[in-house]
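Here is the structure we will look at.
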Amino acid sequence: MKTWIVALALLSLGLASCGHDPSSDQVSGVSAVSNAPPQRIHWRAMAVAGDDSAPVFDNAVEEISKILAARGVHPIDRFTSDPMVARADLPIATAQSMSEALDAAKPQPGEGCLLFITSHGGRNGVLMRDDLDNRQVLDPSALGRILDAGCGHAPTVAIVSACFSGIFIGGVTEAPNRIILTAARDDRTSFGCGHEERFTYFDGCMLKAWPDSQTWQALFKWTEDCVRKKEDALGFKHSEPQAYFGAAVKDLGLP
């Protein structure tokens, strides 16, 4: 509870902070983008806004859904935490509703699984405002179970955009068929959750980089650089986005 109080206090200042151990060899920023040809597959996707205290999270879900749809991605399951806009094709985000959606349309051979989650974050996980059954938190173990059950051995990308989201890189989520991108180190906040923003810094940088990126490695490198420049310009402590690239999908191409 204290974590959410701190997050909301930062939000009131317009700086709301939306990592795995930085010494780990497995979890670090991409220092050099691979020159190998991108691995192309078909995708099914899910985009989740875990909180509705500011419009930035639903904005990012809407924007990434547009990008993916324009590139032929189908299905795209979208989730909100705003009961005022929830409907049949935009249900409330909970671990159960996410899991059920993935189970209903699991990736087929030759397909990949993409999960994007954006929200406030704490040291135990991502805030899921309406998931009262799980004390409003999606933690790394829960995400690991969702990916195991819904994506299986298919090439899988999980993007977690929140404060302290580096905690989602580790033994319960890593696998050779997975890429995990996070907005911050496990002991750092991320920025841009204020009402005056359209997207969080990480989400905005990633969405801007998408059209010019061929691979997930390239997307992360561009996003990481963009976030650092924004934080430098404002004198913020670096959030240090983190990435894990499983050996089987390190050259996986974007949709």
Side-chain angles (χ1 to χ4, degrees), residues 41-52 55-121 125-162 165 168 172-175 177-183 203 206-207 210 216 246 249 252 254-255:
I41 58 174
H42 296 289
W43 294 87
R44 62 98 64 239
M46 176 177 293
V48 180
D51 183 46
D52 66 339
V56 289
F57 308 121
D58 280 300
N59 289 348
V61 164
E62 181 177 358
E63 187 66 18
I64 198 170
S65 298
K66 288 179 181 177
I67 291 173
L68 294 172
R71 294 176 177 229
V73 175
H74 179 80
I76 305 171
D77 294 301
R78 300 187 304 150
F79 293 85
T80 184
S81 293
D82 185 351
M84 299 299 293
V85 302
R87 54 183 187 269
D89 63 342
L90 187 65
I92 292 294
T94 66
Q96 182 175 345
S97 63
M98 292 161 57
S99 182
E100 289 174 349
L102 278 177
D103 287 345
K106 293 182 179 180
Q108 300 301 305
E111 293 183 337
C113 190
L114 170 59
L115 177 59
F116 169 70
I117 304 171
T118 182
S119 186
H120 290 299
V126 168
L127 173 62
M128 301 290 281
R129 177 70 67 183
D130 299 308
D131 194 350
L132 301 181
D133 290 340
N134 294 290
R135 298 184 180 182
Q136 299 179 297
V137 175
L138 179 74
D139 64 23
S141 294
L143 177 62
R145 290 192 295 269
I146 289 171
L147 297 179
D148 288 342
C151 301
H153 297 292
T156 298
V157 177
I159 305 170
V160 186
S161 177
S165 48
F168 285 89
V172 296
T173 55
E174 294 175 9
N177 64 308
R178 290 180 187 166
I179 293 171
I180 305 170
L181 309 181
T182 74
D203 292 352
M206 182 186 67
L207 294 167
W210 205 294
W216 294 100
V249 289
L252 191 61
L254 263 68

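Along the sequence shown, the residues carry numbers beginning at 1.
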[Y] backbone acceptor or donor facing [X] side chain under 3.5 Å:
X      : Y      : answer
Thr118 : Phe57  : no
Arg44  : Ala105 : yes
Ser165 : Thr182 : no
Glu174 : Val172 : no

Among Leu68, Val61, Ile64, Asp89, which residue satisfies the side-chain contact (heavy atoms from CB on, under 4.5 Å) criterion with Ile76?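 Exactly one pass, corresponding to Leu68.
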Atom pair [atom1]/[atom2] of [X] and [Y] - distance to nearest 0.5 Å:
X      : Y      : atom1 : atom2 : answer
Leu147 : Thr173 : CG    : OG1   : 8.0 Å
Ser99  : Leu143 : OG    : CG    : 11.0 Å
Thr80  : Ile92  : OG1   : CD1   : 5.5 Å
Leu115 : Asp77  : CG    : CG    : 10.0 Å

Can you name the nearest heavy-atom pair linking [X] to [Y], along with the distance?
X      : Y      : value
Pro155 : Glu111 : CD-O, 3.5 Å
Ile41  : Gly110 : CB-O, 3.6 Å
Phe79  : Asp58  : O-OD1, 4.4 Å
Ala93  : Ala49  : CB-O, 3.8 Å
Gly125 : Val137 : CA-CG1, 3.9 Å
Pro107 : Cys113 : CG-CB, 4.1 Å

Can you find a heavy atom in the side chain of [X] that is under 4.5 Å from one in the side chain of [Y]?
X      : Y      : result
Asn134 : Met128 : no
Trp216 : Leu114 : yes
Pro83  : Asp52  : yes
Trp43  : Val157 : yes
Leu207 : Ile67  : yes
Glu63  : Trp210 : no
Asp131 : Gln96  : no

Intermediate values then yes/no, salt bridge (Lys or Arg N to Asp or Glu O under 4.0 Å), Arg129 and Asp82: CA-CA 9 Å; Arg129 177 70 67 183; Asp82 185 351; over 6 Å; no
Decide yes or no on side-chain contact (heavy atoms from CB on, under 4.5 Å) for Asp51 and Val126, but give the supporting numbers first. CA-CA 9 Å; Asp51 183 46; Val126 168; over 6 Å; no
Between the side chains of Arg178 and Asp148, is the shortest nitrogen-to-carboxylate-oxygen separation below 4.0 Å, so that they form an ion pair?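 Yes, Asp148 and Arg178 are salt-bridged.
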Carefully, step by step, assess Leu138 and Ile117 under the rule side-chain contact (heavy atoms from CB on, under 4.5 Å). CA-CA 10 Å; Leu138 179 74; Ile117 304 171; 3.6 Å; yes
Go through Lys66 and Glu62 one step at a time and tell me if the salt bridge (Lys or Arg N to Asp or Glu O under 4.0 Å) criterion holds. CA-CA 6 Å; Lys66 288 179 181 177; Glu62 181 177 358; 3.6 Å; yes
